[in-house]
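First comes the structure, then the notes that go with it.
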Amino acid sequence: MKVPYSWLGEWVKVPWKAQELGARLTMAGFELEGLESAAPPFTGVVVAEILSAARHPQADKLQVCTVTTGGGPTLQIVCGAPNARAGLRSALALVGAQLPGDLKIGAAKLRGVESQGMLASARELGLAESSSGILELPADAPLGKPLREYLGLDEEEVLDVNVTPNRGDAMSILGVAREVAAIAGTKLTGPKIARARGTRAERFPVRLEAPAGCPRFAGCILRGINNRAVTPVWMIERLRRAGVRSISPVVDVTNYVMLELGQPMHAYDLAKLEQGIRVRFARAGEELTLLDGKTIKPDPDMLLITDGEGPVGLAGIMGGLRTAVSPQTTDVFFESAYFAPETVQGRGRRLGLLTDASQRFERGVDPTQQERAIGRAITLLEPIAGGTAASIVVTENARHKPKRAAVKLRAAQLERILGLKVPAARVTKALTGLGMTVSANAGGWKATPPAYRFDIAIEADLIEEVARLATWEKIPETDALAPLRFRRLPEEQPAERAVLEALAARGYEEAVTYAFVAPALQQKLFPGRAALALSNPIASDMSVMRVSLWPGLIRAALENQHRQQDRIRLFEHGTRFEVDHGTTHEIETIAGLASGARLPEQWGVPKEARADADFYDVKADVAALLAGTAASESFTFQAQELAALYPGRSARVLRRGTPVGWIGELHPALVKALDFTYAPVLFELDMAAFAVKRATFEEISRFPQVRRDLAVVVDEAVALSTLAERVTLSTSSLLRGLRVFDVYRGPGLEPGRKSIALGLIFQDISRTLTDADVDRLMASVVADLRESLNARIRE
C-alpha cells in the first residue's frame, strides 16, 4: 500500500523522517518495500496561463496559444490538447526543459508556426499513466512558480508498505497512523470528522435480507451536485501518489475516503435506482453487468445489492454499470456498508476480479464507521461539486454485528514465550496504545480489542502485539538450552544437491514454478486425469494443483522462447499432486525439458552436432542422472504411449519393473497448439527412484578379459534392453561388459528385421578363461536368443 508522507502527517505527528519511519514500521511488522519521490525528475516546468487560443491556420486539431508566466514577454505555444482554452492555468515546459523519458524541450515549428515550449499533460510529466489533455491547475495557482515547488513534489516521499493479510485495519492512512501513534507513544491528531447533519429527512429505503452477510448498511441522498466539476489538484495528487487515478468528483471522493479511512464506498446515480435497495444472495439465472463492462452470472453464495429491477452491484467487490454515476449525474445515493469477510472471501477471485474494495472487505473493515465515512465524503464533495445532503440513515441488524471478546494474557506465558520479563506498565502501554481496553487481573491482564482488530482472538495474538511494540529490540541473545543436531541423511537417500548438480553439469538450468497451474493446459497434457481444484485461486489460470511438473516447465520454456531464446534446457525439483479415489498424494519429483539445438552454437562444433535435441539426447541426460544411484542396470526404458507425448518417441522409465517416470518428445498436436518453434523433449522421474545402491566390496580380477563379437538378426520390435537381458541371463556372472557397435538394416536382411552387432566381454575372478569356456558361453547365448527371440546369427 502506498502511503504519502504528508497525508499520514495529517493524522499523526510523525517524529521521524520517511526512511526512519519505514524502518520502524518494518520492525513493527509492516515491511517497507519501497521509498520513492512523489514524481519522476523533471526541470524547467512552471505555472502558466493561456491568454488566448486560436485555431492553427494549417491544422484543425492544433491551436496557437498565447501564454504568460506572469513576468516577461508572452510566449507562443502550439498545442493539440482539446482542453486548451483562454483563462486556463497549466504546466508550461520552457525551452530547455528536461522531462521524464529523456525528453528535452526545444523551440520548434509545427506546420509552419513557431512554438516556444510545450504545454504539458500529467502523463508527459510522469504524474499519470494516461491523460486526455494538458494539466489543469487552479485559477489561483501562482504564475511563474516552478511546478515541482507548487505541487510539493520534492518535499513529498511515498512509502510502499506491505500490509500482511491479517491486518485489514491497516489498509488505510488512518490504520497506518494508528500504528505510528502506538510506536511513537503519541495520539491521533485529526482531521476532525464531524457528524454530518442533513438538511432534509429524505431517505432511500434499504432492506437487509441477508443480515449475516451484511449486518450494517449506511446510506445518504445528495441532490444537486455538479459531477462535471474539476477535482482539485490537491486531491488528484494525493490519489495519484496513493496509486489511484482521478475519474470524477464523486468517484474521486469515494476513493479518497476508502484510502483515508479504510471504508470502501459506492455512489449510485439516484435517478437510475428503482424502489429501494435490497441486500440479498444471488438467485438462479440472474445476471449483472459490472462497472468494467463484464457481465457475470453470480453464484448462489454471492451477496448482491439489488433494486426493484434486479442486481445493481456485487457486494463488497464492484458496483453495477446500470446505476453508475456519469458526468450528467445530479443526484447520488452514497452507500457505506459492512460486509462480513466470509461473505466476500474468494468470490472476486472466482470471477477473476481483485479490487481495492474486495481486498479490504475480505480482511475485515471497521463495522462501526460506515456513518463516519459518508460524513467525510459529504464534507469533501460539497466544496467541489456542491449539492445538499439528506440525513444519513443506518440500517442494521445488531444480532449479526461482530463483537470483540476480551482476551486473557498471562504474565508467566508472556515471559515464557519471549524469554524475558516485560514490566507490567510497558505491557499496558503497548496494548492501550493500540486502542485496546486493558484491565489487570490475577497473574496477568484482560484486553478487549477495538472493533476493527479482527486479528486479535487468542493469547498468542496479544503476546505478538506486546513483542512487536515493546520488546523486539530488547530480547537478549541466549544460547539454546540443548544442542541442535541435524539428523543424518539415510545412506540410500541421495543428497538433493548431488541430483540437481548432475543436471546442471549437463547444461540444464533450474526453474521454480507455481504448484497451481492452468486447468486447460493440464487437461491438454493429461486428458481425463483428476486434479485437485483450489477453492480460492489467485487467478483463473492458476486454479488447480499440478499433477506433473511439465505444465510449469512448458510455460517457462514458452516465455523463454518469446524472448528469443532458441536453445532451452530447464529442470525443476518439486512436488506434484496425484488424486486417487478422493485421496491426494504428494510426490516428490524431478522433471526436465530440452528444446533447440543439441549443442550451443560455436565455430568449432560441426553443423550436424547442432541439430535439434531428440529423444536419445535427453535419454542420455537421464541415464547420466540415474548413474548416480550406482545401479544403472536396474533401470530400463520401455516403449509406451502417453497422451502428452509423441507416439513412438516416448518411453516409460522403470526400476526393477516398477514405473518411476516418463520420457519423450511432446506430441506434435501440442507443439503446434502451444506454438513451439522446436519440439521439446521432456522427462519426469519420482525422486524415490533415486535410492542409492549401498556400496559393497568387490574384488578386482587379476585375470585377463576375453572378447567375442556376435551379430544377431532379430525382429524390428525387439528392444536392445530385451536383447541385453537375455544375453546376461545366459552368461551367468562371467559377463563383464556388453557393447553395441553396429546396427544394420538393408539388403541381405528380411523385411522387418535388423542386425545388431554385440561385443561381449568375459572375465572370471578366480582363473583365466579358456577358449573352450568362452565357446560354451557363446553357444549358450546363441541357443537362448534363437529360442526366446527367434534370432539368427549373421555370419
Side-chain angles (χ1 to χ4, degrees), residues 11-13 15 24-31 161 163-189 215-216 261-263 338 340-342 360-370 372 398-476:
W11 282 89
V12 64
K13 185 176 180 180
R24 289 180 179 267
L25 284 173
T26 298
M27 291 303 297
F30 299 93
E31 183 183 358
V161 179
V163 179
T164 54
N166 65 323
R167 292 299 306 274
D169 65 287
M171 293 189 70
S172 64
I173 300 298
L174 172 59
V176 176
R178 290 192 196 108
E179 289 295 316
V180 174
I183 297 168
T186 59
K187 302 278 188 185
L188 294 177
T189 57
R216 199 163 197 266
L261 302 182
Q263 172 65 54
Y338 170 77
E342 59 272 16
R360 287 162 173 80
F361 281 122
E362 285 182 346
R363 292 159 171 78
V365 302
D366 188 345
T368 67
Q369 73 162 358
Q370 286 67 45
R372 184 187 189 206
R399 187 165 68 89
H400 290 285
K401 284 177 61 178
K403 299 175 179 63
R404 303 272 84 84
V407 182
K408 291 183 179 179
L409 174 59
R410 295 166 291 170
Q413 181 72 350
L414 180 66
E415 182 178 352
R416 188 184 75 82
I417 296 295
L418 298 184
L420 78 164
K421 188 170 184 176
V422 184
R426 188 181 297 168
V427 174
T428 303
K429 181 181 178 182
L431 298 179
T432 55
L434 290 168
M436 301 186 197
T437 303
V438 182
S439 60
N441 59 23
W445 303 265
K446 182 184 286 187
T448 303
Y452 49 80
R453 287 301 298 270
F454 286 78
D455 60 314
I456 305 295
I458 59 176
E459 185 178 39
D461 296 329
L462 294 178
I463 294 174
E464 179 186 358
E465 297 302 293
V466 173
R468 70 186 187 87
L469 290 181
T471 60
W472 274 152
E473 297 179 354
K474 298 179 177 62
I475 296 176

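The first residue of the sequence shown is numbered 1, and numbering continues consecutively from there.
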Hey, does [Y] have a side-chain heavy atom less than 4.5 Å from the side chain of [X]?
| X | Y | answer |
| --- | --- | --- |
| Asn441 | Lys446 | yes |
| Tyr338 | Pro402 | yes |
| Phe454 | Arg404 | yes |
| Val438 | Thr448 | no |
| Arg468 | Met27 | no |
| Pro341 | Glu362 | no |
| Pro367 | Arg216 | no |
| Phe30 | Val176 | no |

Do the charged groups of Glu459 and Lys408 touch, with an N to O distance under 4.0 Å?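 No salt bridge links Glu459 with Lys408.
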Please determine if Arg167 and Glu179 form a salt bridge, counting it only when a charged side-chain N lies under 4.0 Å from a carboxylate O. yes
Is Arg363 reaching over with its side chain to a backbone N or O of Gly168, donor-acceptor style, under 3.5 angstrom? no
Side chain Gln369, main chain Val365, donor-acceptor under 3.5 Å: no
Rounded at 0.5 Å granularity, tell me how far [atom1] in [X] sits from [atom2] in [Y].
| X | Y | atom1 | atom2 | value |
| --- | --- | --- | --- | --- |
| Arg360 | Met171 | CZ | CE | 4.5 Å |
| Ile173 | Trp11 | CD1 | CH2 | 10.0 Å |
| Glu464 | Leu418 | CD | CG | 10.5 Å |
| Leu469 | Arg24 | CG | CZ | 12.0 Å |

Go through the steps to decide whether Asp169 and Arg453 satisfy the test side-chain contact (heavy atoms from CB on, under 4.5 Å), and finish with yes or no. CA-CA 6 Å; Asp169 65 287; Arg453 287 301 298 270; 3.4 Å; yes
Find out whether the Lys NZ or Arg CZ of Arg178 is both under 6.0 angstrom from the six-membered ring centre of Tyr452 and within 45° of the ring's axis. yes
Which heavy-atom pair separates [X] from [Y] by the least distance, and what is that distance?
| X | Y | value |
| --- | --- | --- |
| Ala457 | Val407 | O-CG2, 3.7 Å |
| Thr164 | Gly29 | CG2-O, 4.0 Å |
| Ile183 | Leu25 | CD1-CD2, 4.1 Å |

Kindly determine whether Leu174 and Asp366 satisfy side-chain contact (heavy atoms from CB on, under 4.5 Å), including the steps that lead there. CA-CA 11 Å; Leu174 172 59; Asp366 188 345; over 6 Å; no
What do you reckon, is NZ of Lys187 surrounded by more than 12 foreign heavy atoms closer than 6.0 Å? no
Donor-acceptor contacts, no H, no angles, side chain residues 419-437, under 3.5 Å, sequence neighbours left out:
| from | atom 1 | to | atom 2 | distance (Å) |
| --- | --- | --- | --- | --- |
| Thr428 | OG1 | Ala424 | O | 3.1 |
| Thr432 | OG1 | Thr428 | O | 2.7 |
| Thr432 | OG1 | Lys429 | O | 3.2 |

